[in-house]
Amino acid sequence: HHTFFEMLGNFSFGDYFKQDAIQYAWELLTQVYKLPADKLWITIYAEDDEAYEIWNKTVGVPAQRIVRIGDNKGGRYASDNFWMMGDTGPCGPCTEIFYDHGPEVAGGPPGSADEDGDRYIEIWNNVFMQFNRDEAGVMHKLPKPSVDTGMGLERLAAVLQHVHSNYEIDTFVTLLAAAKVAVDAADAAGAASGGCDKDAPSLKVIADHIRACAFTVADGVIPGNEGRGYVLRRIARRAIRHGYKLGARKPFFYTLVAPLAAEMGEAYPELRRERARITEVLKQEEERFFQTIANGMEILETALAGGAKTIAGDLAFKLHDTYGFPLDLTADVCRERGVTVDSAGFDVAMNRQREQARAAGKFKMAQGLDYAGVATTFHGYEHWVCEHSKVTALYIDGTPVARARAGDDVVVVLDHTPFYAESGGQVGDTGELRNARSRMIVEDTVKVQMDVAGHTGRIVEGEVEVGDVFVARVNAEPRIKTMRNHSVTHLMHKALREVLGAHVQQKGSLVNADRTRFDFAHNAPVTAEQIAKVERLVNAEVLANAATQARVMGIEEAQKTGAMMLFGEKYGDEVRVLDIGSSRELCGGTHV
């Protein structure tokens with residue numbers, strides 16, 4: 001596969017099954033795409049006699065071109081031709097269709113000793129989900145067997161364009177030529193020496209990676225140090241390193257966005273629409289990496305020149321931490337020289353740094369508590385006092401206890417509460433729990449579980465027992481200030497999207513009584529003029545003083561309203577939609 005590839009697919013859930021799926025596949029390939037039938041080979045799961053009969057008897061594929069693949073991956077049902085989602089769940093046999101590129105290309109048919117050659121290429125996979133595998137590994141027949149098929153567009157294009165490699169299809173021919181021009185222009189000796197070899201494998205890496213990077217940025221991802229942003233950074237830096245290997249000594253990769261948009265922009269209009277932003281994002285990432293790549297490569301070259309067969313984990317971590325070389329990039333360079341990387345040592349160094357960072361941070365005392373009681377009902381949207389809040393669990397130092405006394409620092413779980421538990425950037429409420437004989441100061445409220453609130457603080461009078469009932473009261477002034485700061489965060493989010501572009505999405509936030517901090521990804525510093533414009537938009541909304549509307553509805557209904565949803569957030573079946581001014585977002589927080 002490429003780092004970005006286009007998949008053709010279709011599904012059937014409880015409708016047509018093996019007979020139709022196989023015949024549809026054959027009809028499309030031989031009658032619509034006009035592929036010669038004698039060039040197509042079939043693989044099936046060894047025990048799938050039903051599929052064999054359909055291919056052989058109904059479709060008419062000769063037995064010598066139907067290959068049975070058994071459990072070739074070291075266990076029962078562990079086979080190239082048996083698809084499983086995981087250890088449990090829907091699964092079943094599959095049948096794959098291969099195209100024979102001819103005897104002039106090296107390689108043998110599927111299932112043979114030299115199947116890894118390029119002569120026989122899989123172009124289509126039909127998965128027949130007919131079982132549900134339970135925890136004991138027992139296969140149960142599904143009441144409605146299903147079909148999931150996938151065909152690689154690039155592989156099909158190679159067949160239809162009569163070439164033997166994906167990199168020879170029209171899309172890649174254009175991108176490879178553009179990559180050579182870009183690398184040569186970034187190489188001080190490029191023009192004089194005739195430039196890099198047009199068949200250099202590194203050009204294929206660059207041409208492949210520009211597609212993945214450009215589409216990922218178009219989707220709103222920015223290079224970063226974690227999650228999707230780190231995947232993007234790794235792919236981009238790998239491509240840049242291959243350009244460096246070919247002689248590029250200044251940024252070149254970002255210039256390929258324009259030829260990519262010209263090549264694929266008709267099918268994917270977002271490439272043309274976002275071209276300038278994608279270019280700028282990749283340019284900044286490339287400039288950042290070019291500042292350190294020479295030093296990092298020099299250190300790596302020195303280590304490799306010493307004749308070592310393994311690069312130490314500490315050195316690999318230093319390259320990652322100081323010079324921005326992801327581990328797989330260091331491994332890439334080493335693989336070319338027949339050298340391995342001590343990845344276990346790298347992990348030790350990485351974990352050592354994480355532990356140091358963790359020790360420096362302040363961890364919440366209520367996180368990770370073992371709780372199996374009733375959920376906490378939250379009344380804090382309408383009320384700041386609950387008259388009858390019952391203690392369902394009590395903890396000291398993370399250990400459940402039945403009773404705690406004055407002076408103890410505790411975590412209390414209540415069945416009903418007006419206290420907002422820290423979530424979505426909004427800090428937890430403070431206040432007090434009080435009854436006739438006891439009083440506890442609540443210093444923070446956090447989530448023990450998704451729908452369970454932990455009230456952390458100190459008992460200052462009497463004692464607290466599981467089963468006690470308290471009046472729970474939120475500190476009003478900090479809550480009111482926090483609500484104002486949370487509501488304005490929504491207005492600011494909307495204004496930032498208007499001023500900077502729709503790619504702006506919340507990546508994190510902190511909302512408390514003193515301020516709001518809003519994290520977002522953008523490809524450039526926000527200018528003073530843009531900040532002033534955001535302020536004007538937000539202040540105009542505040543002064544308009546429209547009534548806030550909060551509605552609880554199903555997730556699908558909420559999507560239809562156009563409410564802003566944050567990528568990566570986990571939403572339940574029921575969500576809360578907040579209309580604040582002209583902003584509409586999903587949010588569980590408290591608002592004005």
Side-chain angles (χ1 to χ4, degrees), residues 2-4 171-191 195-196 198 200-225 228-265 268-297 323-326 328-329 332 500-504 521-527:
H2 300 280
T3 50
F4 168 96
T171 305
F172 274 112
V173 167
T174 304
L175 290 175
L176 286 165
K180 176 171 166 42
V181 169
V183 170
D184 287 346
D187 180 356
C196 64
K198 67 178 178 60
S202 287
L203 288 178
K204 293 179 181 178
V205 176
I206 295 164
D208 171 87
H209 286 19
I210 189 61
R211 302 205 309 168
C213 290
F215 276 88
T216 307
V217 175
D219 267 351
V221 182
I222 305 280
N225 287 328
R228 300 173 303 150
Y230 189 53
V231 175
L232 172 58
R233 172 161 285 169
R234 284 161 55 191
I235 296 171
R237 293 193 170 184
R238 185 170 189 266
I240 296 161
R241 202 279 298 185
H242 276 276
Y244 188 89
K245 181 181 171 185
L246 293 177
R249 290 299 178 267
K250 61 182 182 182
F252 69 93
F253 188 54
Y254 73 94
T255 66
L256 296 176
V257 175
L260 175 68
E263 186 67 30
M264 300 186 74
Y268 297 97
E270 63 268 33
L271 279 185
R272 289 178 177 166
R273 188 173 63 245
E274 298 282 323
R275 193 183 99 178
R277 189 177 66 82
I278 297 167
T279 303
E280 187 57 32
V281 167
L282 293 181
K283 185 181 180 186
Q284 288 189 5
E285 176 66 14
E286 199 170 5
E287 286 173 343
R288 201 173 288 131
F289 190 40
F290 259 101
Q291 290 170 2
T292 60
I293 188 172
N295 290 333
M297 284 302 295
Y323 298 103
F325 277 56
D328 47 5
L329 181 52
D332 228 22
L500 301 179
H503 64 278
V504 168
H522 185 49
N523 55 348
V526 184
T527 65

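Atom set for the values below is all heavy atoms of this structure, side chains included, hydrogens, waters and symmetry mates excluded. Fair warning: this is a prediction, and the values are worked out from it, not measured in the lab.
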Quick one: do Asn225 and Arg233 satisfy side chain to side chain contact (heavy atoms under 4.5 Å, CB included)? Show the steps, please.
CA-CA 8 Å; Asn225 287 328; Arg233 172 161 285 169; 2.8 Å; yes

Take Lys198 and Leu176 through the side chain to side chain contact (heavy atoms under 4.5 Å, CB included) test and state the conclusion after the steps.
CA-CA 8 Å; Lys198 67 178 178 60; Leu176 286 165; over 6 Å; no

Going through the distances and angles, do Phe290 and Ile240 end up as a side chain to side chain contact (heavy atoms under 4.5 Å, CB included)?
CA-CA 8 Å; Phe290 259 101; Ile240 296 161; 3.5 Å; yes

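By the 30° and 60° cut-offs, the orientation of the rings of Phe215 relative to Tyr268 is perpendicular.
The side-chain heavy atoms of Asn295 and Tyr323, taken from C-beta on, include a pair separated by under 4.5 Å.
In this structure a side-chain-to-backbone donor-acceptor pair under 3.5 Å is present from Arg249 to Tyr244. Lys180 places a side-chain N or O within 3.5 Å of a backbone atom of Cys196 that can act as its donor or acceptor partner.
For the atom pair SG (Cys213) and CD (Glu285), the distance works out to 9.0 Å, reported to the nearest 0.5 Å. The CG atom of Asp187 sits 10.0 Å away from atom NZ of Lys250, with the distance rounded to the nearest 0.5 Å. Atom OG1 of residue Thr255 and atom CG of residue Leu282 lie 10.5 Å apart, to the nearest 0.5 angstrom. In this structure, Glu270 CD and Met264 CE are separated by 9.5 Å, a value rounded to the nearest 0.5 Å. One finds the CG atom of Leu256 at 10.0 Å from the OG1 atom of Thr279 (value rounded to the nearest 0.5 Å). Atom-to-atom distance recorded for Met297:CE and Lys245:NZ is 9.0 Å, nearest 0.5 angstrom.
Judged by a 6.0 Å distance limit and a 45° cone about the ring axis, Arg237 is not positioned over the six-membered ring of Phe325.
Across all their heavy atoms, Gly324 and Phe289 have their closest contact at O-CE1, 3.7 Å. Nearest heavy atom pair, residue Ile222 against residue Ala521, reads CG1-CB, 3.2 Å. Residue Ile210 comes nearest to Val257 through the heavy atom pair CD1-CG2, 4.2 Å, listed as atom of the first residue, atom of the second, then distance. The minimum heavy-atom distance between Val281 and Pro223, with the atom names listed, is CG1-CD, 3.5 Å. Smallest separation of non-hydrogen atoms from Ile206 and Ala239: CG1-O, 3.6 Å. The two residues Ser202 and His242 make their nearest non-hydrogen contact at OG-ND1, 2.8 Å.
A donor-acceptor pair shorter than 3.5 Å cannot be found between the side chains of Asn523 and Arg277.
Electrostatic pairing of Glu286 and Lys283 does not count as a salt bridge here, judged by no charged N lying under 4.0 Å from a carboxylate O.
Applying the side-chain hydrogen bond (donor to acceptor under 3.5 Å, both in side chains) test to every pair with at least one member in residues 205-220, sequence neighbours left out, gives these pairs: His2-Asp208, Thr3-Asp208, Glu154-Arg211, His209-Arg238.
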